[in-house]
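Order of appearance sets the numbers: ligands from 1, and atoms from 1 within every ligand.
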Amino acid sequence: MAKTSIIQRWIKGSLLIMVLVLFAAEAIFLYNSYRELYGGVQHAIENRFSTIAGRLQATGTAGDSLETAESRGQALRRTVEQFDEKDKFEFMLLDAQGVILTTSSGTMTRDLTDGTDFAQALTSASGMGHAIFTTPQGERVMAVTSLVPYAAGNIAAMRMVTSLTLVDRQWGQYVALSAGIGVLAFLLMLWSGLFFVRSIVRPLGEVEATATRIARGDLQARLPDTKYNDEIGRLCGTINQMAEDLAETDRLKNEFISSVSHELRTPLTSIKGWVETIKNIDDPTNENYRRGLAIIGTETDRLYTMVEELLDFSRLQNGIQLHCEVLDLVAEATDAALFVEARIRQEGLHFVYEEPPEPYPVWADPARLRQVFVNIFDNAIKYSDPGGTIFLTITRTPETVTAAVRDQGRGIAPEDLDKVKQKFFKAKNSVRGSGIGLAVVDEIVQALGGKVEIASALGQGTTVSITLPVYHPGQEHLHETI
Ligand code: ADP
């Protein structure tokens with residue numbers, strides 16, 4: 001399918017034009033040779049006429065005009081009789097009606113009078129006329145007639161007729177030659193063009209076949225990387241990279257699903273076990289009764305977090321819906337801080353936050369913005385050691401507002417720093433988690449027209465900053481779906 005279409009496009013776009021140009025060149029060449037050949041014959045005759053006319057002028061200028069006319073007529077008849085190119089031309093003299101008076105061969109054949117040259121000479125301004133016709137014997141001839149410019153008795157015109165057999169043969173050779181060259185040039189164009197087009201189509205076919213295999217799910221299919229070192233080679237490289245990335249995402253996704261299912265089983269087993277235990281305890285003051293309830297509580301929290309992660313995951317897959325409105329980033333951050341502060345303290349950490357005095361308006365979705373803060377704080381808590389401090393700072397420039405969460409935790413290795421925003425990526429220092437928290441943060445913030453920056457030093461801590469554009473009235477178009 002693709003194969004035929006590129007060749008068809010080449011035929012339409014390139015070959016057709018080249019063929020037209022070739023045709024035009026041949027037509028010009030043939031037209032010029034025709035004019036040169038047949039015009040040459042006509043010219044030769046006209047030259048002879050003007051020589052004769054020149055000689056006539058000098059004839060019998062003395063005496064009265066009647067005598068002069070008579071002597072010119074005689075001179076003309078003599079010229080015809082003594083004409084020395086009889087083998088090439090039939091020279092004849094015509095009267096005012098176009099009737100042949102005398103001919104150089106002496107035969108007064110009517111066969112040569114068919115031409116319209118005499119009539120043409122009578123009407124044309126130059127007094128010349130010419131015609132090409134076929135004699136009853138089947139010979140093609142050219143006739144040229146020139147009116148005699150002086151009175152010469154009953155002679156009104158000179159006429160020469162010559163055979164076109166040789167000229168026709170030469171013209172035939174020209175036509176054959178140019179047709180031959182044309183066909184040869186066409187074949188050459190076809191061959192070189194097909195060679196070139198096929199050199200593109202064939203590797204493209206391979207690329208297409210492999211890409212189809214990848215699309216059908218064979219993520220191990222690869223193209224030979226080094227075979228072509230042109231655009232096609234680079235395309236192969238890109239497709240291989242794409243397959244590589246797909247395979248990696250697929251692997252991470254499977255890992256994510258299996259780790260989540262495993263993690264779901266542990267709290268569920270624990271909850272189920274404790275429910276069984278509590279069922280048999282009648283006394284609510286029993287030590288195990290309280291412990292059981294407490295454990296069921298924390299395990300339920302863990303399940304809740306995991307379900308949130310699963311939701312994040314499905315949002316990432318299906319696109320995050322945003323319902324934006326004008327919000328005060330300071331108020332949102334303060335809310336989020338209040339929400340996590342208890343947990344921060346529970347983990348033995350300190351929290352420092354200085355609330356800016358004025359509101360910083362942004363155009364955002366409150367639920368998704370909350371999720372951004374929760375994910376960032378969650379990481380800060382998760383990767384901090386007891387006794388550490390988590391800082392929240394909010395700063396603004398005329399056009400942007402930045403919220404930064406800094407911790408004094410274990411930090412991220414420099415080689416992992418670029419990748420922590422990728423879906424499912426977990427750095428070496430990772431504890432529990434599925435690797436999608438920061439990917440969700442990044443997607444949401446980008447959809448809101450902002451950016452996420454992460455700075456970190458191993459053993460010293462990490463700062464995650466989100467920067468959003470400051471809202472100016474009329475920016476509602478930022479409402480987007482990703
Ligand atoms: P997870 O759900 O595993 O925390 P994230 O996308 O939130 O996934 O983070 C990706 C990885 O980045 C984590 O596995 C962790 O290794 C690293 N990371 C994120 N935040 C921090 C932080 N504040 N301190 C140290 N490492 C972090």
Side-chain angles (χ1 to χ4, degrees), residues 248-249 251-264 266-267 301-317 320 333 336-337 340-341 343-344 347-353 368-393 402-447 450-466 482:
E248 176 69 3
T249 313
R251 189 181 64 75
L252 288 170
K253 198 163 92 179
N254 292 340
E255 223 171 64
F256 167 77
I257 292 172
S258 87
S259 91
V260 168
S261 350
H262 268 98
E263 285 190 37
L264 278 176
T266 322
D301 281 349
R302 259 178 82 182
L303 280 179
Y304 184 80
T305 323
M306 272 183 239
V307 171
E308 275 298 314
E309 272 180 3
L310 280 174
L311 277 176
D312 277 354
F313 170 72
S314 85
R315 282 190 195 117
L316 268 187
Q317 298 294 102
I320 297 174
V340 294
E341 203 173 352
R343 221 186 111 205
I344 293 178
E347 302 275 338
L349 299 165
H350 305 285
F351 183 54
V352 175
Y353 170 46
R368 300 283 78 85
L369 199 59
R370 167 65 65 87
Q371 191 179 5
V372 166
F373 280 118
V374 166
N375 286 5
I376 297 175
F377 274 122
D378 192 52
N379 281 340
I381 297 170
K382 226 163 42 179
Y383 296 107
S384 283
D385 298 318
T389 307
I390 294 174
F391 301 85
L392 169 63
T393 43
T402 302
V405 174
R406 178 159 74 88
D407 64 57
Q408 297 173 322
R410 59 185 75 178
I412 303 168
E415 66 269 23
D416 289 340
L417 205 54
D418 292 345
K419 300 185 207 143
V420 289
K421 284 195 269 182
Q422 285 173 13
K423 249 192 267 184
F424 310 118
F425 181 82
K426 289 159 77 172
K428 284 185 221 52
N429 62 6
S430 175
V431 287
R432 74 201 143 71
S434 49
I436 56 170
L438 287 178
V440 172
V441 167
D442 195 44
E443 293 249 19
I444 296 175
V445 173
Q446 279 196 31
K451 61 176 192 287
V452 179
E453 280 161 314
I454 303 171
S456 188
L458 267 185
Q460 293 179 25
T462 306
T463 308
V464 180
S465 327
I466 57 156
I482 56 170

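- The shortest side-chain heavy-atom distance between N379 and T462 does not fall under the 4.5 Å cut-off.
- Atoms of ligand 1 lying under 4.0 Å from at least one heavy atom of K382, given by number and element, are 1 (P), 2 (O), 4 (O).
- Ranked by closest heavy atom to atom 24 (N) of ligand 1, the top entry among I381, I436, I390, T462 is T462.
- Any N or O atom pair closer than 3.5 Å counts here, and N379 shares at least one such pair with ligand 1.
- Considering backbone and side-chain N/O atoms, L438 comes within less than 3.5 Å of an N/O atom of ligand 1.
- For the pair I412 and L458, the tightest heavy-atom approach, listed with the atom from each and the gap, is C-CD2, 3.8 Å.
- Closest approach of L417 and V420 over heavy atoms only: O-CG2, 3.3 Å.
- Residue contact annotation: D407 has a non-hydrogen atom under 4.0 Å from ligand 1.
- The closest approach between any non-hydrogen atom of G411 and ligand 1 is below 4.0 Å.
- Residue Q371 comes nearest to V440 through the heavy atom pair NE2-CG1, 3.7 Å, listed as atom of the first residue, atom of the second, then distance.
- Remark: of the listed residues V405, D407, V452, V405 is the sole one forming a side chain to side chain contact (heavy atoms under 4.5 Å, CB included) with I376.
- Using a 4.0 Å cut-off to heavy atoms of I412, the atoms of ligand 1 that qualify are 18 (N), 25 (C), 26 (N), 27 (C).
- Checked by atom type and distance alone, the side chain of S456 pairs as donor or acceptor with a backbone atom of G461 at under 3.5 Å.
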